[in-house]
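Notes follow once the structure below has been shown.
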Amino acid sequence: MDTYENIYEVVRQVPFGMVTTYGKVAQLSGMNNARVVGYALSVLQANTEIPWHRIVNRKGAISYREGAGPSLQKTMLESEGVVFNKKGCINLEIYRW
DNA sequence: GCTCTGACTAAGA
DNA sequence: GTCTTAGCCAGAG
């Protein structure tokens, strides 16, 4: 459990209206493995306090099981003021934490 | 204890 | 810019 605790801690530090990448979280959490970060978020519950929707892949695109249902995450990010481009990707130049 | 899979990333083509 | 290959660590079988 302590393994993912670092990851959750990092994600929780992401400010409102910003996003970060799996690699960044992995590096900050000391995991150095983006896949584990994704796995850690996958075991999170919907009523969690962790802003998992602020985590995107390196392209800035939504990742919720590779296109399983990104509409929810996109909506939540838009509610925070995050803007998506035509490809449905976030401008990491602006919103990257 | 070994093998496969996985919300990924970096490097090469 | 996109596609492919290799690598990383942690769970599930």
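Keep in mind the model is a prediction, meaning the values are calculated, not measured. Proteins get letters first, then strands, A, B, ... in listed order; numbering begins at 1 in each.
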Only distances under 3.5 Å count here; give the side-chain donor-acceptor pairs of residues 19-26 of chain A to other protein atoms, sequence neighbours excluded, each with its distance to 0.1 Å.
from: A:T21; atom 1: OG1; to: A:K24; atom 2: N; distance (Å): 3.3

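- A:R58 has its CZ atom 11 Å from the P atom of C:dC3, to the nearest Å.
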Can you give the donor-acceptor pairs under 3.5 Å from side chains of residues 32-52 of chain A to other protein atoms, not counting sequence neighbours?
from: A:N33; atom 1: OD1; to: A:R35; atom 2: N; distance (Å): 3.1
from: A:S42; atom 1: OG; to: A:Y39; atom 2: O; distance (Å): 2.4
from: A:T48; atom 1: OG1; to: A:I50; atom 2: N; distance (Å): 3.3

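- Within residues 22-35 of chain A, the residues approached by DNA chain B to less than 4.0 Å at the level of any non-hydrogen atom are A:Y22, A:G23, A:A34, A:R35, in residue-number order.
- With C:dG1, B:dT9, B:dG6 as the choices, the nucleotide that has an atom nearest any side-chain atom of A:V36 turns out to be B:dG6.
- Whole-Å rounding puts the A:Y64 OH to B:dG6 P distance at 16 Å.
- Under the rule for a side chain to side chain contact (heavy atoms under 4.5 Å, CB included), A:Q27 has no partner lying at least two apart in sequence or in another chain.
- Of the candidates C:dT2, B:dG6, B:dA7, B:dG6 carries the atom nearest the A:Y39 side chain, counting heavy atoms from C-beta on.
- With values rounded to the nearest 0.5 angstrom, A:I94 atom CD1 is found 10.0 Å from A:M18 atom CE.
- Between A:Q45 atom CD and B:dA7 atom C1' there is a gap of 17 Å when expressed in whole angstrom units.
- If you take CD1 of A:I90 and P of B:dA7, they are 19 Å apart, rounded to a whole angstrom.
- Regarding A:N91, its CG atom lies at a distance of 11 Å from the P atom of C:dG1, rounded to whole Å.
- As a whole-Å value, the separation of A:I7 CD1 from B:dC8 C1' is 12 Å.
- Following rounding to the nearest Å, A:N6 (CG) and C:dC9 (C1') show an atom-to-atom distance of 14 Å.
- Distance, A:L92 CG to B:dA10 C1': 16 Å, rounded to whole Å.
- Residues satisfying the salt bridge (Lys or Arg N to Asp or Glu O under 4.0 Å) test with A:E9, not counting sequence neighbours, are none.
- Judged as a side chain to side chain donor-acceptor pair (under 3.5 Å), the pairs with a partner in residues 79-90 of chain A (not counting sequence neighbours) are, in order, A:H53-A:E80, A:R54-A:E80.
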